[in-house]
Amino acid sequence: MARPPRLPSISYVGPAAYFVTVCTHLRAPVFVCPALVDLTLVHFLQAAGVADVAVFAYCFMPDHLHMLVMATSKRGNLDAFMRRAKQSSGYAFTQARGSPLWQTGYHDRVLR
C-alpha cells in the first residue's frame, strides 16, 4: 500500500489536533493479545513525550490502532511522533514475534 499523502498546506508541526489510524502489517489481528497492546502502547506514549505530542485517547482494534493526539507546543511534530512510535514499537514487536508490525504510512485527519 502506498503511503497516504500528507496535505501540502499543513506542516504537521506546532499546536494542532489529529485523529490518526495505523494498520498492522497485512492487517494481521495482533492486538487481540493484551500483552502486545501493552507493549505497543508503552512505545507510543514514550514517543509522544519526546515529540511534544499528547495522546488523549486511543483504541486498539484487532488489526489497527486509532488515536486522538495533539501537538502541545510549537515543537510538537506529528510526523516525528509517528515515525518514532512506529519504529520503536515495530522493532520491539519484531524482536518478540519475528515479523513486522506495521503497514507503511498512516492515515490522519486534522481536527478543528
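Basis for what follows: all heavy atoms, side chains included, without hydrogens, waters or symmetry-related copies.
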If you round to the nearest 0.5 Å, how far is CH2 of Trp102 from OG1 of Thr24? 7.5 Å
Measuring from atom CG of Leu78 to atom OH of Tyr18, what distance do you get when rounded to the nearest 0.5 angstrom? 5.5 Å
What heavy-atom pair brings Ser89 and Ala85 nearest, and what distance separates the two atoms? OG-O, 2.7 Å
A side-chain contact here means heavy atoms from C-beta on lying under 4.5 Å apart; do Phe93 and Ser99 qualify? yes
Mind checking the CG-CD spacing from Asp63 to Gln103? Nearest 0.5 Å is all I need. 8.5 Å
One should read off an interatomic distance between Thr94 OG1 and Leu101 CG, to the nearest 0.5 angstrom, of 7.0 Å
Locate the shortest heavy-atom distance separating Arg97 from Cys33; write the atom from each residue and the value. NH2-SG, 4.2 Å
Check: residues 35-46 side-chain donor-acceptor pairs under 3.5 Å, at least two apart:
{"residue": "Thr40", "atom": "OG1", "partner": "Leu36", "partner atom": "O", "Å": "2.8"}
{"residue": "His43", "atom": "ND1", "partner": "Ser88", "partner atom": "OG", "Å": "3.3"}

For the pair Lys86 (side chain) and Gly105 (backbone), establish whether a donor and an acceptor sit closer than 3.5 Å, ignoring hydrogens and angles. yes
Quick one, Met82 with Tyr12, criterion side-chain contact (heavy atoms from CB on, under 4.5 Å). Give me CA distance, side-chain angles, the key distance, then yes/no. CA-CA 11 Å; Met82 291 303 297; Tyr12 296 96; over 6 Å; no
Kindly indicate whether the side chain of Phe81, heavy atoms from C-beta on, has any atom under 4.5 Å from the side chain of Met67. yes
Minimal non-hydrogen separation, Val50 against Arg75, with atom names: O-NH2, 4.3 Å
Around Phe19, counting heavy atoms of other residues, nucleotides and ligands shown, do more than 12 lie under 6.0 Å from its CZ? yes
Can you tell me if Thr72 uses its side chain to pair, donor with acceptor, with the backbone of Asp52 under 3.5 Å? yes
Check Met70 against Phe56 and note the closest heavy-atom contact, atom names and distance. CB-CE1, 3.3 Å
Which atoms form the tightest heavy-atom contact between His25 and Pro100, and what is the distance? CD2-CG, 3.6 Å
Arg109, CZ: over 12 other non-hydrogen atoms inside 6.0 angstrom: no
Where Gly14 and Ala71 come nearest, the two heavy atoms and their spacing: O-CB, 3.0 Å
Is the shortest side-chain heavy-atom distance between Val69 and Tyr58 below 4.5 Å? no
Please identify which of these residues, Val55, Val20, Leu111, meets the side-chain contact (heavy atoms from CB on, under 4.5 Å) condition with Leu68. Leu111
